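Chain A is the first sequence line, chain B the second, and so forth, proteins listed ahead of strands; every chain is numbered from 1. Quick note: numbers below take in every heavy atom, side chains included, and nothing from hydrogens, waters or symmetry partners. What you see is a predicted model; the values in this text were computed from it and never measured.
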Amino acid sequence: MGNQLIIYNTLTRTKEIFTPLIEGRVGLYVCGPTVYSNSHLGHARPNITFDLLFRYLTFLGYKVRYVRNITDVGHLEDEVEETGEDKISKKARLEKVEPMEVVQKYMNTFHRNMEDLNILPPSIEPRASGHIIEQQQMIDSIIQHGFAYETNGSVYFDVEKYNDEFKYGKLSGRNLDDIKTNTRQLDGQGEKKNSFDFALWKKASPEHIMRWPSKWSDGFPGWHLECSAMSVKYLGEQFDIHGGGMDLTFPHHECEIAQCTASLGKESVRYWMHNNMITINGQKMARSLGNFITLDELFSGTHEVLEKAYSPMTIRFFILQAHYRSTIDFSNEALQASEKGLERLLSAVDTLDSLTASAQSTIDINSIKEKCFDALNDDLNSPIAIAHLFDGVKMINAVKAGNESISKEDLADFRTFFHSIIFDILGLKKEQTEKGGGDEILSGTIELLLNLRMEAKTNKDWGTADKIRNELHSLGIEIKDTKEGFEWNLKS
RNA sequence: GGUCUCUUGGCCGAGUGGCUAGGCAGCGGUCUGCAAAACCGCGUACGGCGGUUCGAAUCCGCCAGAGACCUCCA
């Protein structure tokens with residue numbers, strides 16, 4: 001144990017040793033956002049989780065093809081009601097712009113937010129609207145195999161028929177009989193045989209803006225279809241890992257399995273991975289509860305539940321401090337704890353870089369390295385890995401204080417290890433400080449005052465020295481006295 | 001109503017039969033003219049009640065509480 005990556009597979013509900021389909025290569029598909037509004041805190045979780053996976057697999061030497069889609073058509077406000085409007089169309093109608101303007105605007109925001117969080121771009125980022133042909137081909141195939149039917153220009157997946165041959169509900173652990181008795185029966189389902197059938201193609205109503213021609217009607221594809229069509233196109237009929245939020249398990253991922261199985265005769269995905277959800281002060285994040293925080297609001301502190309702004313790296317570190325399959329609760333207190341912890345970790349990296357070697361080591365570097373990688377191998381247990389990094393921080397500080405020593409070889413090794421795990425794998429980075437910020441006059445003035453304070457200190461004029469310190473502090477300038485002199489920062 | 005999950009010290013969060021993470025806060029100390037910052041040290045927790053066991057936070061049962069999905073959600 002320890003040197004093999006183990007992944008929890010939602011499909012089997014067990015941890016399994018990860019073995020790729022093709023040696024040395026990994027195909028990874030993750031459900032991306034529907035770009036009809038600003039990216040929110042909820043988007044941070046899966047993207048950071050699977051960014052960690054992507055980075056770690058890459059670190060392990062795999063050649064990874066990471067596909068993450070953009071949903072820019074087909075995601076309805078209400079899948080059950082046939083009057084359900086496409087989310088993007090609706091936004092376009094309300095804002096009186098083209099649907100693709102909506103898509104572009106929020107996709108840009110999403111990309112900017114992801115970059116802020118130091119999330120690597122995927123290898124391929126396909127858009128649903130660019131794969132209408134592929135989706136239509138998949139519908140054809142599903143119809144040919146007898147698992148879909150057409151009504152009034154729309155095509156629906158025949159869940160009951162599929163369930164007779166394959167089992168519908170295996171991923172989410174439910175069976176069709178339960179679904180039958182528990183699904184709300186709604187009026188106006190005339191087109192579907194059963195309420196639990198889902199749309200593969202929807203005929204567009206006259207006022208619907210986003211539409212494409214097809215043999216069935218002028219219309220648009222169903223939401224679940226895009227992921228099936230695009231994952232198969234870019235990763236093959238079978239591929240290694242499919243990820244996404246737990247809330248997508250049913251119905252979205254269940255429907256993906258049904259679609260792929262119905263058209264290909266076999267399941268496509270070998271390992272299903274699901275990240276858990278985020279709560280805020282113990283409550284689910286929802287627009288209706290007023291605790292729906294966008295990433296921009298989080299980074300700028302402009303939301304009433306936030307006491308201050310939290311940097312993207314604080315958010316990233318906070319999310320990595322919990323295991324991806326646990327729920328995680330956001331609160332000001334918890335975020336500020338992470339903020340300080342991260343500072344401590346990153347300053348230890350600087351300390352490590354400045355250490356000088358001794359003839360011999362009195363500390364055990366290898367046990368920390370092993371424990372960190374064991375943790376990551378155990379279903380990406382980043383919180384445990386981070387805990388061991390803090391043990392490393394203690395060692396680093398002890399060496400600096402002269403209580404321990406480190407050999408030249410160990411020091412080089414430790415530096416490499418710390419840099420790769422913190423920066424390459426966990427994807428943390430040092431934030432550029434606001435200091436200066438192009439304002440030469442301000443920084444010059446501050447430096448002048450602080451130099452005057454140094455002179456006052458030299459003359460033991462404590463009154464003047466303290467006055468300068470206190471006045472600057474009340475203006476939001478943090479001053480740290482050091483052996484050599486001083487350091488300062490603008491407090492954010 | 002159905003299916004499932006969770007309940008850990010002041011806060012956040014790992015662990016999951018004995019070796020009892022980590023961060024933040026708190027307390028004590030080092031440093032400092034004083035402070036701040038930094039660093040070092042300290043803290044024995046697992047909802048309640050039963051049961052299994054030499055031994056349970058960890059397994060089983062019941063009770064209480066919280067949440068998720070079943071409808072769009074990451």
Side-chain donor-acceptor distances from residues 384-404 of chain A under 3.5 Å, at least two apart:
| unit_1 | atom_1 | unit_2 | atom_2 | d |
| --- | --- | --- | --- | --- |
| A/Asn397 | ND2 | A/Val393 | O | 3.3 |
| A/Glu404 | OE1 | A/Thr362 | OG1 | 2.6 |

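Nearest-nucleotide positions on RNA chain B for A/Ala387 and A/Ala398 put A/Ala387 closer to the 5' end. Between A/Lys400 and A/Asp481, the residue anchored closer to the 5' end of RNA chain B is A/Asp481, taking for each the nucleotide with the nearest heavy atom.
Per the geometry, NZ belonging to A/Lys340 stands 12 Å off P belonging to B/A36, to the nearest Å. Between the C1' atom of B/U3 and the CZ atom of A/Phe250 lies a distance of 11 Å, rounded to the nearest Å.
Scanning RNA chain B for stems, defined as runs of 3 or more consecutive Watson-Crick or G-U wobble pairs whose donor-acceptor distances all fall under 3.5 Å, gives the following ranges: B:1-7 with B:64-70, B:10-12 with B:22-24, B:26-30 with B:38-42, B:47-51 with B:59-63.
Taking every side-chain heavy atom of A/Trp462 into account, B/G33 is the closest of B/G33, B/C39, B/A74. Considering only the side chain of A/Glu333, B/C11 comes nearest among B/A14, B/A74, B/C11. Here B/A74 is the nucleotide among B/C70, B/A74, B/G33 with the atom lying nearest to any side-chain atom of A/Thr34. Out of B/C11, B/C70, B/A74, the shortest distance to the side chain of A/Met285 is found at B/A74. Checking B/A74, B/C34, B/C70 against the side-chain heavy atoms of A/Met277 singles out B/A74 as nearest.
In this structure, A/Thr294 OG1 and A/Leu298 CG are separated by 8.0 Å, a value rounded to the nearest 0.5 Å. Between the CG atom of A/Asp51 and the CZ atom of A/Arg55 there is a distance of 4.5 Å, given to the nearest 0.5 Å. In this structure, A/Met246 CE and A/Met277 CE are separated by 9.0 Å, a value rounded to the nearest 0.5 Å.
A/Tyr324 does not carry A/Arg45 over the face of its six-membered ring by the limits of under 6.0 Å from the centre and within 45° of the normal.
Residue side chain A/Arg469 does not reach the base of B/A36 through any donor-acceptor N/O pair under 3.5 Å, judged by distance alone. Scanning atom types as modelled, no donor and acceptor separated by under 3.5 angstrom connect the side chain of A/Arg344 and the base of B/C39.
The side chain of A/His473 places no N or O atom within less than 4.0 Å of a non-bridging phosphate oxygen (OP1 or OP2) of B/A36. Distances shorter than 4.0 Å separate some side-chain N or O of A/Asn397 from OP1 or OP2 on B/C40. At the phosphate of B/A14, neither OP1 nor OP2 sits under 4.0 Å from any side-chain N or O atom of A/Asn381. Between A/Ser326 and B/G13 there is no side-chain polar atom (N or O) within less than 4.0 angstrom of OP1 or OP2.
Ring-centre distance between A/His253 and A/His224: not below the 6.0 Å cut-off.
In this structure, A/Met246 reaches neither bases nor backbone, as no heavy-atom distance under 4.0 Å exists between it and the strands shown. Residue A/Ala401 is classed as having no contact, given no heavy-atom separation below 4.0 Å to the nucleic acid.
Annotation for A/Glu115: atom CD does not count as buried by contact number, only 12 or fewer foreign heavy atoms lying within 6.0 Å.
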